[in-house]
There are 2 protein chains.
Amino acid sequence: MEMTQESRRTASERRRRELLEAADRVVLRDGPEASMNAIAAEAGITKPILYRHFGDKGGLYRALAVRHTDALLAGLRAALDSPVPRRDRVEATLDTYLSAIEARPQVYRFLMHPSDEGQTPDSGFDVGRHSAPLLRRMGEELAQVIAERVDLGPVGDELARVWGHGIVGMMHAAGDWWLREQPCSRAQLVQHLADLLWGRLAAAGDRPGGPGF
Amino acid sequence: MEMTQESRRTASERRRRELLEAADRVVLRDGPEASMNAIAAEAGITKPILYRHFGDKGGLYRALAVRHTDALLAGLRAALDSPVPRRDRVEATLDTYLSAIEARPQVYRFLMHPSDEGQTPDSGFDVGRHSAPLLRRMGEELAQVIAERVDLGPVGDELARVWGHGIVGMMHAAGDWWLREQPCSRAQLVQHLADLLWGRLAAAGDRPGGPGF
DNA sequence: AGACTGTTGTTACCGCAAGTAACGCACTGC
DNA sequence: GCAGTGCGTTACTTGCGGTAACAACAGTCT
């Protein structure tokens, strides 16, 4: 049985991917609070192996997260970069995101509510070192696209970053609420949010029978 | 030592408030992952008393959360209801929120990342029963104000709810990012976000030297 | 062949936090 | 004097993250 260094490396990587897939199954079934024991059992092994591969639970979860995050980000980038008018791009992006969270709510909950790990409270020197949760990555990504594509004057970079994170947050919160109580179709939600970004709040008139006037 | 039923009730309530204040101090010092032991110690008592008063850790955290949530919501309502033009109201609301999270980041982290409790995964019958996290409450509140004040046509209620949650999410995400890396002054951030809501994204032109064109 | 090294896996443990059971103590009403 | 009822304790169970120590085996050096 020949076993050179390279084939060893690839074997280890295959193993790692198997473990990740097992973890994925468990998280999909049990939600984000799946225990390391449960994941190890699903993979047919025991805990220490997980720890050798991923260091700690945060490491495993981070590895899991980047898989899904990368997939989602790829979809979003495609929507953002398509050569159509800006409004259409925005709608496509919103729809891509909402489709993703609608299709796999468990994955979504895992990515968005990762039980906020990290936090070495004594020193505080590396807060947010390698956490980079999905929301921040998406915010930065969007900021970059905005800064590249839209002309926003002298402070454009700053504006783009604020807007990137703001829009992502809007998408996230609205999506979260919409996923819970499906109050309307996805297409409608997309329209409503795009309308909001298109300044319809500023354009709308005061309510006729408003209270207090 | 006279101790009638009424004075007992008020005594118990005073006790509860003392416990909450102690918990508050600990959470402010240790962050959201403060242990029940630590809280009990700070209050000068032991764990079971906490459990008698609040049921479980979630109960305590919920009680703590409503205190701060109510205070913040009161401030936001005041900003939302002031009789000035809409843009000014929006800016005041944003500024109120950002001031709050800037003044007490620990409280903010506690409220926003409550280690997502609840989740009785077996039955699922009361998911979200009394969690009502701050974000959702704020979203509903804002939705109500929008629906009352702004004329949005036939589907106005639905629109208002989408916008309420969306705007709150935008505020939250942008605030979170801004709190980490202070990239600009609070006033600037408020301006940028208000500009976003006022449709400046739709109004801005394409970047001159854009890539790919 | 036989000692050396590294990877893969195990069992058995530590520490710690949530939550609980069982008891001690004061004080009230009868 | 004595049952009842809050307030408080100590001491425990359970479960999870994380680790130490050991067992088995593949390939390598001499």
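Note on naming: letters A, B, ... go to the chains in the order of the sequence lines (proteins, then strands), and numbering restarts at 1 for each one. The basis for the numbers below is simple: all heavy atoms, side chains too, and nothing from hydrogens, waters or symmetry mates.
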B/S/- along nucleotides 17-23 of chain C (protein heavy atoms under 4.0 Å) is SBBBB--

Please step through salt bridge (Lys or Arg N to Asp or Glu O under 4.0 Å) for the pair B/Glu140 and B/Arg137, ending with a clear verdict.
CA-CA 5 Å; B/Glu140 288 297 324; B/Arg137 275 186 71 184; over 6 Å; no

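Judged as a side-chain hydrogen bond (donor to acceptor under 3.5 Å, both in side chains), and not counting sequence neighbours, the contacts of A/Gln191 are A/Arg87, A/Glu91. In this view, A/Arg89 satisfies the side-chain hydrogen bond (donor to acceptor under 3.5 Å, both in side chains) rule with no residue, not counting sequence neighbours. For A/Trp177, the ring pair (Phe, Tyr, Trp, His ring centres under 6.0 Å) criterion is met by B/His165, not counting sequence neighbours. Scored by the side-chain hydrogen bond (donor to acceptor under 3.5 Å, both in side chains) test, B/Arg16 finds no partners at all (sequence neighbours excluded).
When the C1' atom of C/dT8 is taken as reference, atom CG of A/Leu50 falls 13 Å away, rounded to whole Å. The distance between atom CZ of A/Arg15 and atom P of C/dT8, rounded to the nearest whole Å, is 8 Å. Remark: C1' of D/dT19 and CD1 of A/Ile49 are 14 Å apart, rounded to the nearest angstrom. Between A/Leu60 atom CG and D/dG17 atom P there is a gap of 11 Å when expressed in whole angstrom units.
Remark: A/Thr46 is not in phosphate contact with C/dG9, judged by side-chain N or O atoms under 4.0 Å from OP1 or OP2.
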Could you pull out all donor-acceptor pairs under 3.5 Å where a side-chain atom in residues 37-47 of chain B meets a protein atom, sequence neighbours excluded?
| residue | atom | partner | partner atom | Å |
| --- | --- | --- | --- | --- |
| B/Glu42 | OE1 | B/Arg29 | NH2 | 3.3 |
| B/Glu42 | OE2 | B/Arg25 | NH1 | 2.4 |

